[in-house]
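Shown next, in structure tokens, is the structure this report addresses.
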Amino acid sequence: MTTIDLNDSNAFSEVLFEKMKQINPGISDLELYEFRYGLNDLIPEKGWGFVKLDPKEEIEKRLNSRAFYDAIQIKPKVADRIVLDEQIIRLAQMLFVGLITGEYEQDWIKMHFYFDIRGFYFLHRTLYFTENVLAHFGGRPFKRFEQKQKHFDRNQALGYKDFKEANADIDALFIECVKRIIAFRGTPILLAIAGPTAAGKTEIVERLRSAFEQAGQQVTSIELDNFLTDREYREAKGIHSEGKRAVHFGLFKQSLEDITLGKKISIPRYDTVYGTSSHDLDGNLKPEGVPIEIEPADIIFIEGNFPFLLEEVVPLIGIKVVYLTDDPVRIKRKWKRDIDYRKKYDPSYLRNRFFKDQFIMAQIAYLPQMEVCDMTVDTTGAALWVTPEISKILMAV
Amino acid sequence: MSGTDRLYTPEIYSAFLFDAMKHINAGIEELELYEFRYALDNIHPEEGWDSVVLDKQEEIERRIVSRDFYTRIQLRPRAGDRIVLDENILCLTRMLFTGLVSGKYPEAWLRRYFYFDIRGFYFVPRTVYFTEAVLAHFGGKPYKSFEQRQKRFDRLQEIGYKEFKEANSEIDQAFSESLKTLIDARGLPLIITLAGPTAAGKTEITERLLKRFEQTGRKSTTIEVDNFLLDREYRDDKPMGKESTHFGLFMRSLEMILQRKKITIPRYDFVYATSSHDLDGNLKPKCIPLEIEPADIIFMEGNFPFHMEALSNLIGIKAVYLTDDPIRLKRKWKRDIDYLKKYDPAYFRNRFFRTQFLRAEECYQPLMKVCDIVADTTGAALWATPEIARILDQN
């Protein structure tokens, strides 16, 4: 156990600085005074000596419970500034103190948490390859490459160029595999790619699209959000944007069936500003509504976060993909993209929201979709996972 | 396609601008077009790029050296509940972008008068620190020059202190050696003032100088001049000087410490923006002053107008520690925004744009005209007056 006086805040930060280099090697790029600047916001009012440490089991249990994340506030304010949620602060304070006193072992911390330097906080590691998911893929990946995203370990933010370069091998194989499956299954075919924010969905879809177009194939896309029902209705019923009741389900299913048969379709149009659909709840066009017309094509992308979460449409989609990047890398992409370039959010709002959504979205969207998808591209693990059935197709073609 | 035709289609405008901007700031090459567009979307004019009115180059040149332009910059203009970029700053960047795309403003002209900060995604006028008067004061050329290793930061969007320190190692070493020589040549005790813009690295170099001189067996101390500030409510934004500080106390303190006496000085609280002393220079009830023990070498770090005549005789060596504005801004992104999370990013952009010019005019340029030595870490050059150069060469 330690000999430092927890209430000597200078000694505390100096020792913590050294220990944190083991947790996140990127800390070595900081000077002690920069580390202290980062720590400033987290110093407990009464000093580090007053931080009560919960038992490890309790922390583990809490961080795997949905209720903990539901309670995270995304815009708590002090005066007129958005600050970090209290539970998030408490977690970081506990882990810092536990690391110093030895009550929490380094390995335990590293196993359950990652530390984001720019946000200067700990986040829970979400497990994406659960037993169910592993079983679904027959226990091992179809192919693995060198994990080039390791280069980003010490980065604090990450632009798309570096990211793309690191993913070049796995992305190339992925594109090749999609082509082979399409060759085997024939067109028209529905292709859906799900994946968390900042994993690089939009960019990989763009590249697939141009690969198909170069091969002379017709490509179109269906934006899932267009099937949303009026926001007013969803809010009144307490349903958000997930699940069958959030969308014009009958129309959705019918549209997918029709376009796979090579027919032109006419789908609802959702106005994101007013939160209204062009169609009423019975699926009929409203008097002033203008639907979206989609011409038949060889390859039809379905865009959205939950393209194959609905059981009934799973069999209609020819290729179901989950495109993943590990959480610590995604948050670095978001710092660069959403904060530095887009200036979309307040930085503290992003910190709270990422902490909260990372867990919730994995539970409601990505884990269930990984359990039914055909393939998962894990760019951080540099591994392509496919079901035994897809594996057979890929080997055969 | 003619220059003006490019203004009508946002996709064509942004793609052309993206390529043109790579010549203005090479760091743009690190971006993907879509990332550049994300940033550009924030400043897209409501009525389209073709609605941007382009002022004449001469007019712009005049505007960016007039004090009024900067004093009018608002720090916290709002749209809804968010702080946004000041209208004049926004207007300038839009104009320069559009002039670059249409071909009205030559690239070389843009580069000469402005630098582009990628993270802030805006143009900031270049402030000239080495004015003719300053150059004349230093006899027209630096005392010593080194390889400009800060060049390697050209493409970075933010800079941490470790790499900054590394890039400056030669010039810092030469600066420290020169000070040592000057100290040896002058009697003790001695006051050394170290002025320089925010994020030039004053505090860090002062700490290292202190350590260095302690190793030579001399007792050193520092006085942070900000401690002499009056309560913020009495300063009304006045630059640092007689009217914004406990000036009488300041003068007395310097005189006393030069007589090797222990001094008791005010303490300024940065959180509450209040001084431990009232306007008459008396300690307020319940307040605690700072005590400073006598020493051989007294560093005074901060941006007091050390060029004031009343002060000149008390100060042994007047030094200025400079880093170019584009680099300081990158250091502040890392230090003040990423680590300290001290400001709203839009407030920060407005404030840097405004104070860069105003502080240079109020403080650094006048000081540089009379100071003994300037360390310019970006130019990797040490500047010394002919008199100082003679002392350095003799020892």
Side-chain angles (χ1 to χ4, degrees), chain A residues 26-42 75 77-84 116-121 154-165 198 200 202-203 206-207 332-351, chain B residues 27-43 76 78-79 81-85 117-122 155-166 199 201 203-204 207-208 271 330-349:
Chain A
I27 296 283
S28 306
D29 296 327
L30 275 66
E31 286 277 336
L32 174 59
Y33 86 85
E34 293 173 319
F35 181 81
R36 283 182 173 144
Y37 280 164
L39 193 62
N40 251 350
D41 271 2
L42 298 172
K75 285 183 177 155
K77 293 198 178 191
V78 167
D80 62 343
R81 290 190 71 178
I82 299 178
V83 294
L84 213 50
D116 180 68
I117 299 181
R118 177 127 169 221
F120 216 85
Y121 71 149
R154 296 172 84 130
N155 285 24
Q156 291 176 26
L158 189 59
Y160 187 66
K161 270 215 163 135
D162 297 329
F163 186 66
K164 182 170 73 178
E165 246 173 65
T202 316
E203 298 90 343
E206 257 328 294
R207 279 154 67 202
K332 291 176 188 185
R333 283 206 64 213
K334 286 183 82 72
W335 281 121
K336 185 99 288 180
R337 187 187 75 182
D338 296 345
I339 301 293
D340 295 350
Y341 295 144
R342 280 176 126 165
K343 300 173 178 61
K344 195 173 165 187
Y345 313 113
D346 174 275
S348 285
Y349 170 83
L350 172 76
R351 293 193 287 167
Chain B
I28 296 282
E29 286 173 13
E30 311 286 326
L31 273 67
E32 285 279 334
L33 174 57
Y34 87 86
E35 293 172 319
F36 182 81
R37 281 180 173 148
Y38 274 157
L40 189 63
D41 276 349
N42 279 320
I43 59 171
R76 290 196 174 92
R78 283 176 189 258
D81 63 343
R82 292 189 70 176
I83 299 177
V84 295
L85 212 52
D117 180 69
I118 299 182
R119 179 132 168 216
F121 214 78
Y122 70 155
R155 290 169 162 250
L156 298 191
Q157 292 176 27
E158 56 270 310
I159 302 168
Y161 188 65
K162 269 217 162 133
E163 26 191 3
F164 186 66
K165 182 170 70 177
E166 247 171 64
T203 314
E204 298 89 342
E207 262 177 39
R208 276 149 63 205
V271 178
K330 291 176 191 190
R331 280 206 66 210
K332 284 177 82 72
W333 279 119
K334 180 105 295 201
R335 188 187 74 181
D336 296 347
I337 302 294
D338 294 353
Y339 294 144
L340 268 173
K341 301 175 177 67
K342 194 172 167 187
Y343 312 113
D344 173 275
Y347 165 83
F348 169 70
R349 292 192 285 165

- For Y345(A), all residues meeting ring pair (Phe, Tyr, Trp, His ring centres under 6.0 Å), sequence neighbours excluded: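 With sequence neighbours excluded, Y345(A) shows a ring pair (Phe, Tyr, Trp, His ring centres under 6.0 Å) to Y349(A), given in chain and number order.
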Side chains of [X] and [Y]: does their closest heavy-atom pair fall under 4.5 Å?
{"X": "D340(A)", "Y": "R119(B)", "value": "yes"}
{"X": "K164(A)", "Y": "E32(B)", "value": "yes"}
{"X": "Y160(A)", "Y": "L31(B)", "value": "no"}
{"X": "Q156(A)", "Y": "Y339(B)", "value": "yes"}

- Query: What distance separates L84(A) CG from K341(B) NZ, expressed to the nearest 0.5 Å?
  - Reply: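 So the CG of L84(A) and the NZ of K341(B) are separated by 8.5 Å.
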- Query: What distance separates Y37(A) OH from D338(B) CG, expressed to the nearest 0.5 Å?
  - Reply: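 Reported value, rounded in 0.5 Å steps: 14.0 Å.
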Part of [X] lying under 4.5 Å from any heavy atom of chain A:
{"X": "K342(B)", "result": "backbone"}
{"X": "E207(B)", "result": "neither"}
{"X": "E163(B)", "result": "neither"}
{"X": "Y34(B)", "result": "side chain"}

- Quick one: of E30(B), R82(B), R37(B), R335(B), who has the most non-hydrogen atom pairs under 4.5 Å with chain A?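 Looking at each option in turn, the highest pair count goes to R82(B).
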- N42(B) side chain vs R342(A) backbone, donor-acceptor pair below 3.5 Å: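 Confirmed, N42(B) side chain pairs with R342(A) backbone.
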- Query: Between E34(A) and Y161(B), what is the shortest heavy-atom contact and its length?
  - Reply: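 So the two residues come closest at OE2-N, 2.6 Å.
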